[in-house]
Structures are given as structure tokens and as C-alpha cells.
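Below is one structure; the comments refer to it alone.
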Amino acid sequence: MPENKPTIAIVGGGISGVVLAIALIRRGLGVQVYEQAHAFGEIGAGVAFSPNAIRSMQACSPDIYDAFERVVTHNQWPSKKNIWFDFQDGYAKDSKVGEEKLLFSLENDYGANSVHRADFLAEIVKLVPEGVTHFKKHLDTIEQPTGEGKVTLRFHDGTTAEADAVIGCDGIKARTRAWMLGDEHPGAAPVYTHKYAYRGLIPMDRAVEALGDDNAKNGKMHLGKNGHILTFPVQHGEVMNVVAFKTNDNDWPDPTRMTLPAKKEQACEDFKDFGPTIRKIIDMLDSDLDCWAIFDTGDHPMPAYNKGRVCVIGDAAHATSPHHGAGAGICIEDAAVMADLLADPSVHKAGIKGFEAAFQAFSDCRKERTQWLVQSSRRTGDLYEWRADGVGEDAEKIHQECKERNDRIWNAQVDVMVKEAKQSLATILKV
Ligand code: FAD
């Protein structure tokens, strides 16, 4: 790397950090990634990508999109190619297993696009050149000079690193967010949404045998009272992914841990009042499970995503509950916008002020959409569980509201977002 090439430090090597690193490297920028774990890693569960996310992958770098294409799984029936999810009544006791009433379907031009998280991450990390990532680097704090000079990152192992700008991609419990807001700020830590989820992966042949071909091989959202289950195929249709959500008023037992071990009996108890298809799905889960608390940043959204030459993107900036299936997708939108801002020649001409302006433009342009998503996802979780004010169990109203909310997510165009962000950058830099 030439001596004078500015360096951007990325804290965190999850989907946001890795995608952003690749997008910046493809634009010729100098990047170093600091990840606390000893290696890249994701959990063994599915994640679905919406149309805006797919367009954003292409905008970040065509090879990210190609990597996604290698591992993506769609609904298995050709007739369901454009269906995102079929929404079914998972609560009716009088239905038979695999014969729930279809309430409505939501569809778009891309249909359902899910990947096994670990497979997707494994594909995209191949695109990060050697020497860029530093593992076992847990960021403790940041020192930012008021004028010229590098920003210093201090790690838990006592080492430091310097960069011209820092981007926090360190997820829902981000140190960078806490550093920006102050540890005592109510927005520094995420909040529990009173929903939790059991997750599981079931071999497809078992799922087909138990639930029938359609239920097992295509995306299904099983709605019910104070709980809902979604299932969709992953690993090219070899496996059915299950996420079973439940809501109650209790506090999460251990706020320092977002995942706690659970037994299948607990899940059976939680879903005992649901219909037979849901009870069958729960019955197929392993006897030892992980129970995931659903946290978000919705109570205290960040007033700004930037502070000088430090900025946050992805869950570090706006962690959302997963009910839109769009949290990771919006991270990729963030990365696409950030990469094009930082690659703008005006940023480099302006030196330090250029990074500050790019981060300001990013924050100004991304706040509204990303913070709306967090609130809309909360509302959507309640719509699925017949808890939403003014809607309750009314399937037609649930359909209409879900469609409107998803259209707002799916139809957004990343090139328009980039254009707006660059206009904002030009205004800030007065060029
Ligand atoms: P993370 O994936 O959390 O990555 C953060 C990285 O930073 C990690 O590697 C971590 O080790 C590292 N790190 C943390 N702290 C430090 C530190 N101090 N120093 C150095 N490194 C650090 N989204 C979708 O789009 N579709 C879905 O279907 C979907 N389903 C979901 C289901 C559930 C149950 C949940 C909880 C979320 C779901 N999401 C979904 C949301 C999605 O998972 C997240 O939005 C996305 O993974 C966030 O990526 P990230 O890279 O910003 O953060």
C-alpha cells in the first residue's frame, strides 16, 4: 500500500464488516479489519435476503452477489418462485398437520432468498485479501485527536492500531456505539423486546414426511396468538430452517447474554395452545436448543451515526428485531452507500475533513430509513402475533399492512440512496 494511502479501520467481521471491507477494497481504498473472534464465524441458521439487499450486494461488488448466488436457496416449487412467504393460520386447532388455512401470500420479483449464514460468510470471506483481517482484537476504546493525526484504536490485549477513519461494524452490542454515545447513555446498550426465539434446522426429508411437500419446501409464516413460527428451505433445499418466536411480559433472565440454552419441553409448553402443524414443527426440534432473546435499539435510537472520523453501520448503528427479515439486508445497503461515499474523489481531496463529511452525509441520509425499519419490525412482529393495535386477528388488515411495510423495504433503490448521499456530501463539502 502506498505510504500516503489513507487507512480505514473496520471494527467487526460480521456481514456488515466483511461486505463493507470488500466494497471498499474493490474501490481501491486501504482497509484493515479488527475482529474479536479467533476466526470468521457465523451461527448455523438461515438468513433471508430481500430484493433491496440483493441489489445492494450487486452495488457493493458483483463478486459478493456471485458468492450469494452460489449458496442461495429459493422456494422449491417453481410455482412459488415469486412468493416471499405464504402466511397461514398456525393457531386453528381444528386443522390437520400440514393443512393450515392459507391467509394470504406476499410476493416480489425475487421471491424468497435464503442462505445458511455460515455458508454465506464462508463464501464472502474468500473475497477478503490476506493480511487485511486481524483476529482476537476486541476493541475497548478509541482515541480521536481534535485536529490532524490518526485515530487510535485500543484493544483488550493491550495492543493499538491507527487509522485515518474508523467504521464500527461490531453488531448489536457495539463498543463503537457505546464509545460514541457514552457508556451511561440509554442508547449505548440494546433493549429486550419481550420476544424470544428458538431456532432449528431439520433435514428436508424428515420435514416433508411430517408436514408435506409444500409446507416443508416453501417459505411459510405460521401466525398465532402471542407467537409465530417461520420456516423456509436452506442449503439448496436439503434442510428446513425453523425460527419459533414467542412473546411475553417477563424480563429476559440474563441481560448480559442474548442466547441461553433451552430444552425442547420449554418450547412445547410455549406453543401448546397452537395448531397441530406448529406443534409438529416444535416436536421435530432437537431436545437441546438455543433460545435467542430479541433485542433492538428501538427505545433510544442514535441521534447520529457519526462522531468526527468515527462512524457506525449495520447493527452497531440500528439493530432491529428480525420480523421483516431485513436486518442484514439493510446492513448491506449501508455498506453500499458508505463505500460509494468514501470512494468519492472529493473526500480524498478534503483530507480529514473529507472523512468527517462523508460520515456526516452517511448519517444524515441513512437515519430515517434504518430507524423506521427498527420500529416497523416491532410492529410487524405484533401483526404476526395478533397483538397489533387496530388490527388484531383481522387477516385482511394484517395482509394490507404487511404488504405496505414490505414494499417500502423491498422497492428502495440503492442507486437513488447513493445519489442522495453524494448530494448531501457535496453540500457539506461545498463542492
Ligand atoms: P454482527 O453479525 O453481530 O457482527 C458483528 C461482528 O463484530 C462480530 O463478528 C463480532 O464478533 C464483532 N465484534 C463485536 N464486538 C467487537 C469488538 N468490541 N471488537 C472487535 N470485534 C467485535 N436479517 C435479515 O436480513 N434476514 C433475516 O432473515 C434475519 N433473520 C434474523 C433472525 C434472528 C433470530 C436475528 C437475531 C437476526 C436476524 N436478522 C436477519 C438480522 C441480522 O442477523 C443482523 O442484522 C446482521 O447479522 C447484523 O450484522 P452485523 O455485521 O452488523 O453484526
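All ligand and atom numbering here is 1-based and tracks the order in the structure.
- Looking at Leu139 next to ligand 1, an N or O pair under 3.5 Å apart turns up.
- The single protein non-hydrogen atom nearest to atom 24 (C) of ligand 1 is Ala328 N, 3.3 Å, given as residue, atom name and distance.
- With salt bridges taken as basic N to acidic carboxylate O contacts below 4.0 Å, none links Lys81 and Asp109.
- Heavy-atom proximity to atom 14 (C) of ligand 1, evaluated over Thr320, Asp170, Asn241, is greatest for Asp170.
- Ranking protein heavy atoms by distance to atom 1 (P) of ligand 1, first place goes to Gly171 CA, 4.1 Å.
- With hydrogens left out, the protein atom closest to atom 29 (C) of ligand 1 is Val47 CG2, 3.6 Å, a heavy atom.
- Below 3.5 Å of separation, one finds an N or O of Ile15 facing an N or O of ligand 1.
- Ion pair Arg369/Glu333 flagged as a salt bridge, since at least one NZ, NE, NH1 or NH2 atom sits closer than 4.0 Å to an Asp/Glu carboxylate oxygen.
- Note that CD1 of Ile332 and CD1 of Ile64 are 7.5 Å apart. Values are rounded to the nearest 0.5 Å.
- For the pair Ala48 and ligand 1, the shortest N or O to N or O distance falls below 3.5 Å.
- For ligand 1, one of its N or O atoms has an N or O atom of Arg117 under 3.5 Å away.
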Distance-only check: which donor-acceptor pairs under 3.5 Å involve side-chain atoms of residues 307-318, not counting sequence neighbours?
{"residue": "Lys307", "atom": "NZ", "partner": "Met180", "partner atom": "O", "Å": "3.4"}
{"residue": "Arg309", "atom": "NH1", "partner": "Gly149", "partner atom": "O", "Å": "3.0"}
{"residue": "Arg309", "atom": "NH1", "partner": "Asp164", "partner atom": "O", "Å": "3.0"}
{"residue": "Arg309", "atom": "NH2", "partner": "Gly147", "partner atom": "O", "Å": "3.3"}
{"residue": "Arg309", "atom": "NH2", "partner": "Gly149", "partner atom": "O", "Å": "2.8"}
{"residue": "His318", "atom": "ND1", "partner": "Gly314", "partner atom": "O", "Å": "3.4"}
{"residue": "His318", "atom": "NE2", "partner": "Asp334", "partner atom": "OD2", "Å": "2.6"}

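- With respect to Lys80 and Asp86, a salt bridge is recorded, a charged nitrogen being found less than 4.0 Å from a carboxylate O.
- Of all the atoms in ligand 1, the ones that sit under 4.0 Å from a non-hydrogen atom of Arg175 are 18 (N).
- Interface atoms of ligand 1 facing Gly14, defined by a heavy-atom separation under 4.0 Å, are 4 (O), 6 (C), 9 (O), 51 (O).
- Between Gly329 and ligand 1, an N or O atom pair is found at a separation short of 3.5 Å.
- Proximity of Phe155 to ligand 1, defined as any heavy-atom pair under 4.0 Å, is not found for any part of the residue.
- At least one heavy atom of Gly13 sits less than 4.0 Å from an atom of ligand 1.
- Looking from atom 20 (C) of ligand 1 to the surrounding protein, the closest heavy atom is Lys137 O, 3.1 Å.
- A salt bridge is absent between Asp273 and Lys225; no separation between the charged side-chain nitrogens and carboxylate oxygens falls under 4.0 Å.
- Using a 4.0 Å cut-off between heavy atoms, Cys169 contacts ligand 1 through its backbone alone, with no side-chain atom that close.
- At least one heavy atom of Ala326 sits closer than 4.0 Å to an atom of ligand 1.
- Contact annotation: for Val11 versus ligand 1, heavy atoms closer than 4.0 Å belong to the side chain alone.
- Proximity of Arg199 to ligand 1 is established by a heavy-atom distance of less than 4.0 Å.
- A salt bridge is absent between Lys264 and Asp288: the closest approach of a Lys/Arg side-chain nitrogen to an acidic carboxylate oxygen does not fall below 4.0 angstrom.
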Audit row: Tyr34, Phe135, ring pair (Phe, Tyr, Trp, His ring centres under 6.0 Å) steps and yes/no: CA-CA 6 Å; Tyr34 300 94; Phe135 292 109; over 10 Å; no
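- Residues Lys422 and Asp344 are paired through a salt bridge, judged by an N-O separation under 4.0 Å between the basic side chain and the carboxylate.
- When only non-hydrogen protein atoms are considered, atom 50 (P) of ligand 1 lies nearest to Ser16 OG, 3.3 Å.
- A salt bridge is absent between Glu404 and Arg408; no separation between the charged side-chain nitrogens and carboxylate oxygens falls under 4.0 Å.
- Ring geometry for His194 versus Tyr192: interplanar angle of 30 to 60°, hence tilted.
- Scanning all protein heavy atoms for the shortest distance to atom 9 (O) of ligand 1 gives Glu35 OE1, 2.6 Å.
- Asp89 meets the salt bridge (charged side-chain N to carboxylate O under 4.0 Å, His left out) test with no other residue; sequence neighbours excluded.
- Close approach of ligand 1 to Tyr34 (heavy-atom distance below 4.0 Å) involves ligand atoms 20 (C), 21 (N).
- Any N or O atom pair closer than 3.5 Å counts here, and Val243 shares no such pair with ligand 1.
- Of the protein's non-hydrogen atoms, Gly12 CA, 3.2 Å is the one closest to atom 7 (O) of ligand 1.
- In this structure, atom 44 (C) of ligand 1 lies nearest to the protein heavy atom Asp315 OD2, 3.4 Å.
- Look at Asp214 and Lys220 and you find a salt bridge, because one of the NZ, NE, NH1 or NH2 atoms lies within 4.0 Å of a carboxylate O, short of that distance.
- Electrostatic pairing of Asp119 and Arg70 does not count as a salt bridge here, judged by no charged N lying under 4.0 Å from a carboxylate O.
- Salt bridge present: Lys137 and Asp157 bring a charged side-chain N and a carboxylate O closer than 4.0 Å.
- The shortest N or O to N or O distance between Gly327 and ligand 1 is under 3.5 Å.
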